[in-house]
Amino acid sequence: MSGTTDLELARKALAEQPFSRLLGARVTAFGDGEATLEMDIREDLLQQYGFVHGGVLSYAADNTLTLAAATVVGTDVITSGFTVDYLRPATGRLLRAHAQVVRAGRTRVVSRCDVVTIDDAGTQTLCAVAQGNIAVIEPVGDRR
């Protein structure tokens with residue numbers, strides 16, 4: 001598609017995921033081995049103590065790790081595994097996950113991700129870190 005940026009393509013791919021739409025996730029940066037995903041923190045994303053649910057943090061890390069990998073090896077990628085460490089409760093108005101590729105091979109990419117929250121004053125708080133292995137898959141038409 002001429003005139004379409006990689007960021008626009010990443011946004012379109014995310015918009016095709018019903019769960020991402022449900023969470024209100026949006027890609028804000030995509031390219032050169034890095035990606036950023038953001039979500040507004042809403043009451044329906046919280047757990048019983050008023051913190052962003054760990055599943056939401058995990059989702060943000062997972063998708064952002066894979067998005068970063070896609071900037072290097074193309075869009076035919078899928079998470080094959082990742083770990084997440086929760087460092088502190090996630091509160092604020094905005095959740096931001098930023099991932100970067102650590103190493104890209106022919107069939108696997110390793111990425112790492114920081115998940116921060118941003119409060120009304122603009123203060124960022126690191127609440128989780130993640131590292132993932134992203135598998136390069138064959139395009140659907142090439143599978144036997």
Side-chain angles (χ1 to χ4, degrees), residues 1 3-140 143:
M1 279 190 215
T4 302
T5 67
D6 288 343
L7 179 58
E8 289 170 336
L9 291 174
R11 287 176 173 160
K12 183 176 186 263
L14 194 69
E16 292 174 357
Q17 298 176 3
F19 190 64
S20 293
R21 289 194 312 267
L22 177 70
L23 294 176
R26 57 194 176 272
V27 181
T28 59
F30 182 84
D32 299 323
E34 298 187 28
T36 303
L37 182 136
E38 294 182 350
M39 289 183 283
D40 295 323
I41 295 175
R42 310 181 316 249
E43 185 177 350
D44 59 338
L45 300 180
L46 307 180
Q47 42 84 303
Q48 71 273 23
Y49 299 115
F51 309 135
V52 177
H53 193 283
V56 175
L57 299 176
S58 181
Y59 156 85
D62 178 11
N63 262 22
T64 311
L65 290 164
T66 304
L67 284 165
T71 70
V72 175
V73 295
T75 59
D76 294 319
V77 292
I78 192 165
T79 305
S80 61
F82 74 103
T83 60
V84 61
D85 290 299
Y86 303 105
L87 305 176
R88 64 182 53 209
T91 61
R93 67 171 176 77
L94 182 72
L95 183 74
R96 178 180 293 149
H98 177 80
Q100 61 187 25
V101 170
V102 174
R103 183 182 182 284
R106 189 176 51 79
T107 61
R108 295 266 179 204
V109 179
V110 175
S111 301
R112 68 175 163 225
C113 180
D114 288 342
V115 182
V116 301
T117 56
I118 302 170
D119 66 17
D120 289 331
T123 303
Q124 292 190 33
T125 301
L126 181 65
C127 56
V129 294
Q131 180 169 304
N133 289 297
I134 313 306
V136 179
I137 58 175
E138 295 177 14
V140 174
R143 294 186 192 149

Practice task
Just do the side-chain contact (heavy atoms from CB on, under 4.5 Å) check on L65 and I134 with the steps written out, would you?
Solution key: CA-CA 8 Å; L65 290 164; I134 313 306; 4.2 Å; yes
Practice task
Give the C-alpha distance, both sets of side-chain angles, the deciding distance and a yes or no for side-chain contact (heavy atoms from CB on, under 4.5 Å) between N63 and Q17.
Solution key: CA-CA 11 Å; N63 262 22; Q17 298 176 3; 3.0 Å; yes
Problem - Audit row: H53, L45, side-chain contact (heavy atoms from CB on, under 4.5 Å) steps and yes/no - result: CA-CA 6 Å; H53 193 283; L45 300 180; over 6 Å; no
Problem - Worked verdict on D40 versus R26 for side-chain contact (heavy atoms from CB on, under 4.5 Å) - result: CA-CA 9 Å; D40 295 323; R26 57 194 176 272; 2.9 Å; yes
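Looking at every heavy atom in both residues, L14 comes nearest to A25 through CD2-O, 3.6 Å. Of all non-hydrogen atoms in L57 and C127, the two that sit nearest each other are CD2-SG, 4.1 Å. Closest heavy-atom contact between R11 and T28: NH2-CA, 4.0 Å. Here the closest heavy-atom approach between residue G132 and residue F82 is recorded as CA-CB, 3.6 Å. Between A68 and A35, the closest heavy-atom pair is N-CB, 3.6 Å. Across all non-hydrogen atoms, the minimal contact from G50 to T91 is O-CG2, 4.1 Å.
Using a 4.5 Å heavy-atom cutoff, the side chains of R112 and V129 are not in contact. Counting heavy atoms from C-beta on, the side chains of I41 and L94 never come closer than 4.5 Å. Q131 has its side chain within reach of V110: a pair of non-hydrogen atoms, C-beta onward, lies under 4.5 Å apart. Residues L37 and L67 meet the side-chain proximity criterion, which asks for heavy atoms closer than 4.5 Å. Looking at S111 and V101, their side chains come closer than 4.5 Å, going by heavy atoms from C-beta outward. Side-chain contact between F51 and T117 is absent, with no heavy atoms from C-beta onward closer than 4.5 Å.
Within a 6.0 Å radius of CG in L22, other residues, nucleotides and ligands contribute more than 12 heavy atoms. For D32, the CG atom is loosely surrounded, since the number of other residues' heavy atoms within 6.0 Å does not exceed 12. The local environment of CD in E43 is sparse, with at most 12 non-hydrogen atoms from other residues, nucleotides or ligands closer than 6.0 Å.
A salt bridge links E16 to K12: at least one charged side-chain nitrogen sits closer than 4.0 Å to a carboxylate oxygen. R42 has a carboxylate O that lies under 4.0 Å from a charged side-chain N of D44, or vice versa, which qualifies the two as a salt bridge.
Judged purely by atom type and a 3.5 angstrom limit, S80 uses its side chain to pair as donor or acceptor with the backbone of N133. At distances below 3.5 Å, not a single donor-acceptor pair connects side-chain atoms of T123 with backbone N or O atoms of D119.
With respect to V77, the side chain to side chain contact (heavy atoms under 4.5 Å, CB included) criterion is satisfied by exactly one of V73, T79, T75: V73.
When only modelled atom types and interatomic distance are considered, T125 and R88 share no side-chain donor-acceptor pair under 3.5 Å.
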